[in-house]
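Right, one structure below, let's go through it.
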Amino acid sequence: MRAQSSATTAPRIAVAKDRDRPGLGILQAALGVIAFSLTFPATAWGLEGFGPWSLVAVRSVLAAVIAGGCLLGLRVPLPVRRHWPGLAVVGAGVVLGFPLLTTLALQTSTTAHAAVVVGLLPLTTALCSALRVGTRPSRTFWTAALAGAAAVLAFTVQQSGGALSTADLYLFAALLVCAAGYTEGGRLARVMPGWHVIGWALVLCLPLTVPMATLALAQEPVRLTAHSVTGLLWVAVGSQFVGLVVWYRGMAAIGIPKASQLQLAQPLLTLVWSVLLLGEHLPVAAPLTAAAVLVCIAVTQRARG
């Protein structure tokens, strides 16, 4: 009993130290946003050689193998029973739901159009946080958050023509499940290290992702190319594991609403990567939108929740 108590107390002390260093929390959350901004271009690369179901299942299995190896190698104890429902929400939203729905959307949508999801995600995450963990950000915070979300939404919708499609339905569904996963993961990251949160969520999904990968690889054609392999490795290691580790640590340190607002910059970063990696055209309005979003981020970081 004493050993278990010590093992449980150590992560709490580490998490508490992170909360005492908000600058480090902002840096960690920002690194997570950079990692996530590469997800859509990397997914587009992965789809050049894998089917959507294969790509999502294999990325989850690879990430789970890495996470499980780290958990086993460091002899991390199993989470207490009361945390498993929350980990299941993280797994359903972040490990399975968001990757699958966005990958299905990217079969017919450009990465620029798909960026509307991450443009609206900060506001949705803040709303989920208010409902789930009782956070009450200030009126200034909400005004800046709504302004930033509106700027990103107007930019992305205008560039895509504003027409709704099946891809849009996938994207809006992805928005909801990801916000729930982020909120629950941010809550858990206040009582355990962030990499434990995503690590156990990935392992928890293995009974689903392994059969899913086996069936998908048998049904969907696979063509291994430099792009497809690189895309797969990035979404598995960078987006699915490392990015979420620093992201959850950042949310634990500075709070879910403020960390989520850093994602307002993610669609614009995705557009830059889309130009550099996919050869997509960068709209003229992008610099103006970037400036507006950065102002909103600055306001939300200064506003008191």
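Values in this document were obtained by computation on a predicted structure and should not be read as measured data.
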| field | Nearest atoms (heavy-atom pairs only) where Pro41 meets Leu278 | value |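 Closest heavy-atom pair between Pro41 and Leu278: CA-CD1, 4.0 Å.
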| task | Would you name the heavy atoms of Val33 and Trp247 that are closest together and state the gap between them? | result |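 Heavy-atom minimum between the residues: CG2-CZ3, 4.0 Å.
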To the nearest 0.5 Å, what is the distance between [atom1] on [X] and [atom2] on [Y]?
X	Y	atom1	atom2	answer
Leu104	Leu169	CG	CG	12.0 Å
Ser60	Leu55	OG	CG	9.0 Å
Thr102	Leu106	OG1	CG	6.0 Å
Gln240	Leu233	CD	CG	13.0 Å

| said: Quick check on the 6.0 Å ring-centre criterion: do Tyr248 and Trp195 meet it? | reply: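 No, ring centres 6.0 Å or more apart.
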Heavy atoms, side chains only, cut-off 4.5 Å: are [X] and [Y] in contact?
X	Y	result
Cys128	Tyr182	no
Leu38	Leu277	yes
Val237	Leu62	no
Phe40	Val235	no
Val245	Val197	no
Pro79	His196	no

Among the clusters formed by ILVMFWY side chains lying less than 4.5 Å apart, do [X] and [Y] turn up in the same one?
X	Y	answer
Leu47	Leu100	no
Val56	Leu176	no
Val242	Leu72	no

What side-chain donor-acceptor pairs closer than 3.5 Å can you find for residues 265-272, not counting sequence neighbours?
unit_1 : atom_1 : unit_2 : atom_2 : d
Gln266 : OE1    : Gln263 : NE2    : 3.0
Thr270 : OG1    : Ser37  : O      : 3.1
Thr270 : OG1    : Gln266 : O      : 3.0

| query | How about Phe36: does its CZ atom have over 12 heavy atoms from other parts shown lying under 6.0 Å from it? | reply |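 Check passes, neighbour count above 12.
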| request: Could you pull out all residues at least two apart from Thr43 that satisfy side-chain hydrogen bond (donor to acceptor under 3.5 Å, both in side chains)? | output: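 Result, side-chain hydrogen bond (donor to acceptor under 3.5 Å, both in side chains) vs Thr43: none returned.
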| task | Might you work through the side-chain hydrogen bond (donor to acceptor under 3.5 Å, both in side chains) test for Glu280 and Thr110, ending with a clear yes or no? | result | CA-CA 9 Å; Glu280 293 186 4; Thr110 65; 4.9 Å; no
Which pairs of donor and acceptor atoms, one on a side chain in residues 220-228, lie under 3.5 Å apart (sequence neighbours left out)?
unit_1 : atom_1 : unit_2 : atom_2 : d
Glu220 : OE1    : Ser54  : N      : 2.9
Glu220 : OE1    : Ser54  : OG     : 2.7
Glu220 : OE2    : Trp53  : N      : 3.4
Arg223 : NH2    : Glu48  : O      : 2.9
Thr225 : OG1    : Ser228 : N      : 3.1
Thr225 : OG1    : Ser228 : OG     : 3.1
His227 : ND1    : Glu48  : OE1    : 3.3
Ser228 : OG     : Arg223 : O      : 3.2
Ser228 : OG     : Thr225 : N      : 2.8
Ser228 : OG     : Thr225 : O      : 3.1

